[in-house]
Novice: 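Below is a structure I'd like to ask you about.
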There are 2 protein chains.
Amino acid sequence: MNAPALTKNQALVFEVLEKADGPLSAYTILDKLRDHGFRAPLQVYRALEKLLEYGVVHRLESINAFVACAHPDQNCHSHGIVAFAICESCGHVMEFHDHEVDHRLMDWTRGKKFKAEKTTIEIRGLCEACAA
Amino acid sequence: MNAPALTKNQALVFEVLEKADGPLSAYTILDKLRDHGFRAPLQVYRALEKLLEYGVVHRLESINAFVACAHPDQNCHSHGIVAFAICESCGHVMEFHDHEVDHRLMDWTRGKKFKAEKTTIEIRGLCEACAA
DNA sequence: ATCGCACACGTTATAGCATAACGCAATTGA
DNA sequence: TCAATTGCGTTATGCTATAACGTGTGCGAT
C-alpha cells in the first residue's frame with residue numbers, strides 16, 4: 001500500500017505527529033488541531049485510519065497512542081514487522097525491525113497454520129537517559 | 001513473583017477467565033460476576049491487577065482483554081517473553097514462548113541500553129479453522 | 001449531461017475501557 | 001496499642017473509540 005496524496009485532514013494529523021517528539025493520543029491530536037477547525041474525535045480517527053493504512057503512522061497498542069513512522073518516505077509495510085521500544089519515563093519511542101524475529105514468528109505461525117494479519121511488538125521500559 | 005493464596009474477588013475473576021474459551025474484557029467479567037456481588041469495574045480491575053502481577057493472567061493489549069495463562073501452575077514470568085496469536089474471527093488465543101525471539105529483542109535492548117520492563121508480542125489474524 | 005458511485009468530511013450521540021478519590025474493615029508487625 | 005498495609009465497596013469521572021446520519025465533491029460509464 002503506497003501513500004496517495006494526503007487530504008487536508010490527513011496532512012494536518014500527520015504533520016502534528018511528525019512534529020511531536022513522542023507518541024500522541026487521538027484526543028491530544030484533536031486538541032492540537034482545534035485551531036484548524038477540528039471539532040470531533042472522528043475527524044482524527046478517520047485520518048489516522050488512512051495514515052495507518054498507508055504505513056506512515058503506527059499505532060502503539062500498549063499505550064493507545066500514535067506515532068509517525070521513522071522513515072515515512074520508504075514503504076514501512078515492506079520492512080517486515082515493526083517493533084517499538086517505548087520509554088515509560090520520557091515517552092520517547094524507538095522504532096526498529098529485526099528480520100530474525102520476523103522469521104521466528106513466521107515459522108511459528110506457519111507451523112500452526114495461523115494466518116497472521118498484523119503483529120505487534122512493543123517493549124516498554126526505560127531508555128538509556130531515563131534509566132541512569 | 002509467585003502467587004499467594006487468592007482473595008475471594010481474585011479467585012472469582014480468575015475462575016471466570018479460566019472457564020472462558022477466549023479472552024474477556026473487564027466489563028464482560030464484571031457482568032459475569034454480578035450475581036456474586038460485583039457492582040463496579042474497579043472490583044474487576046483490582047483483582048486483575050494482582051492476577052497479572054502473579055503471572056496467572058495475561059493482558060492482551062491489542063484487544064483490551066484478559067486471558068488466563070496457559071499454564072498457571074508454573075511461573076509464567078520465568079518463561080521469558082509471552083507471545084500470543086489471536087484469531088480475529090473466533091477469538092481463540094494461543095500462547096507461546098520463543099527464546100530465540102527473546103534473545104534477539106534482548107540483544108537489541110542491550111545494544112541501546114534500554115531497560116525493558118514489559119514486552120508485548122501479539123499476532124492477530126486467523127486461526128487454522130477460521131482461515132479455511 | 002447526468003446518473004451513480006466512491007470517498008472525504010462534519011456532527012451528534014453513544015459505547016467501551018480505565019482510574020481518581022473517598023472511606024471502611026481486617027491483618028500484621030513493631 | 002498504634003501505625004502501616006492491603007483488600008474492599010462506592011461514586012464519580014476521564015479517556016478511548018465507533019455508530020449512525022447527512023452533506024458535498026469528483027469522476028467514470030452510459
Side-chain angles (χ1 to χ4, degrees), chain A residues 1-17 20 22-54 56-67 86 88 91 118 120 122 124, chain B residues 1-17 20 22-54 56-67 86 88 91 118 120 122 124:
Chain A
M1 172 68 61
N2 220 340
L6 300 182
T7 68
K8 183 155 176 288
N9 283 5
Q10 289 161 16
L12 285 168
V13 169
F14 183 61
E15 201 177 317
V16 165
L17 282 174
L24 300 178
S25 77
Y27 280 73
T28 302
I29 296 170
L30 174 58
D31 286 339
K32 287 180 182 293
L33 289 176
R34 292 210 186 267
D35 294 344
H36 290 78
F38 274 51
R39 311 276 311 163
L42 220 51
Q43 295 175 278
V44 176
Y45 281 109
R46 287 204 273 232
L48 285 171
E49 185 180 14
K50 287 300 178 185
L51 295 171
L52 290 168
E53 188 180 318
Y54 302 155
V56 297
V57 161
H58 299 296
R59 177 194 177 91
L60 301 176
E61 307 279 2
S62 63
I63 57 173
N64 295 318
F66 303 85
V67 69
I86 306 166
E88 295 185 305
K118 176 87 174 66
T120 297
E122 295 176 16
R124 293 183 301 299
Chain B
M1 175 65 62
N2 219 340
L6 300 183
T7 66
K8 184 155 175 288
N9 283 5
Q10 290 161 17
L12 285 167
V13 169
F14 182 61
E15 200 178 318
V16 165
L17 281 174
L24 300 178
S25 77
Y27 278 70
T28 302
I29 296 170
L30 174 58
D31 286 339
K32 288 181 182 291
L33 288 176
R34 292 210 187 268
D35 294 344
H36 290 79
F38 275 51
R39 312 274 312 163
L42 258 187
Q43 297 175 277
V44 176
Y45 281 109
R46 288 204 272 230
L48 285 171
E49 186 180 12
K50 287 300 179 184
L51 295 171
L52 290 167
E53 189 180 318
Y54 302 153
V56 297
V57 161
H58 300 295
R59 178 194 177 92
L60 302 175
E61 307 279 3
S62 63
I63 58 172
N64 296 319
F66 303 85
V67 69
I86 305 166
E88 295 185 303
K118 176 89 174 65
T120 297
E122 295 176 16
R124 291 181 303 298

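So that the names make sense, note that chain A is the first sequence line, chain B the second, and so on, each numbered from 1. The basis for the numbers below is simple: all heavy atoms, side chains too, and nothing from hydrogens, waters or symmetry mates.
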Novice: Look at the side chain of Y27(B) against the base of dA15(C) and say whether a donor-acceptor pair falls under 3.5 Å; ignore hydrogens and angles.
Specialist: no
Novice: Do Y54(A) and L6(A) have side-chain heavy atoms sitting under 4.5 Å apart?
Specialist: yes
Novice: Check this one for me: any side-chain N or O of Y45(A) less than 4.0 Å away from OP1 or OP2 of dT18(D)?
Specialist: no
Novice: Taking the side chain of N9(A) as its heavy atoms from C-beta onward, which of dC9(C), dG7(D), dA17(D) lies nearest to it?
Specialist: dC9(C)
Novice: For the pair E61(B) and K118(B), find out whether any cationic side-chain nitrogen is under 4.0 Å from an anionic carboxylate oxygen.
Specialist: no
Novice: For the pair made of CG in L42(A) and P in dG22(D), what is the distance, rounded to whole Å?
Specialist: 16 Å
Novice: When you match A65(B) and T7(A) each to their closest nucleotide on DNA chain C, which lands nearer the 5' end?
Specialist: T7(A)
Novice: What integer distance in Å separates L60(B):CG from dG16(C):P?
Specialist: 19 Å
Novice: With respect to the phosphate group of dA18(C), does any side-chain polar atom (N or O) of N64(A) fall under 4.0 Å of OP1 or OP2?
Specialist: no
Novice: Using 4.0 Å as the upper bound for N to carboxylate O, is an ion pair formed by E49(B) and R46(B)?
Specialist: no
Novice: Using whole Å, what does the distance between atom C1' of nucleotide dC15(D) and atom CD1 of I63(A) come to?
Specialist: 14 Å
Novice: List the atom of L51(B), the atom of F14(B), and the distance in Å for their closest heavy-atom pair.
Specialist: CD1-N, 3.9 Å
Novice: State whether K8(B) places a side-chain N or O below 4.0 Å from either non-bridging phosphate oxygen (OP1 or OP2) of dG7(D).
Specialist: no
Novice: Please check the phosphate of dC9(C) (OP1 and OP2 only) for any side-chain N or O of Q43(A) closer than 4.0 Å.
Specialist: no
Novice: Nearest to the side chain of Q10(B), heavy atoms from C-beta on, is which of dA17(D), dA18(C), dG7(D)?
Specialist: dG7(D)
Novice: Starting from C1' on dT16(D), measure out to CD on E49(A) and report it in whole angstrom.
Specialist: 15 Å
Novice: What is the distance, to the nearest angstrom, from the CG atom on L24(B) to the P atom on dA18(C)?
Specialist: 13 Å
Novice: How many whole angstroms separate atom CG of L48(B) from atom C1' of dG7(D)?
Specialist: 15 Å
Novice: Can you tell me the distance, in whole Å, between the CG atom of L6(A) and the P atom of dC7(C)?
Specialist: 16 Å
Novice: Figure out the CG/P separation between L12(B) and dG7(D), and round it to whole Å.
Specialist: 15 Å
Novice: Looking for any heavy atom pair under 4.0 Å, which part of the strands does R39(A) touch: base, sugar-phosphate only, or nothing?
Specialist: sugar-phosphate
Novice: Check every atom of dG7(D), dT10(D), dA17(D) against the side chain of R46(B) and return the nucleotide holding the closest atom.
Specialist: dT10(D)
Novice: Quick check: closest heavy atoms across N64(A) and R59(A), and the distance to 0.1 Å?
Specialist: OD1-NH2, 3.6 Å
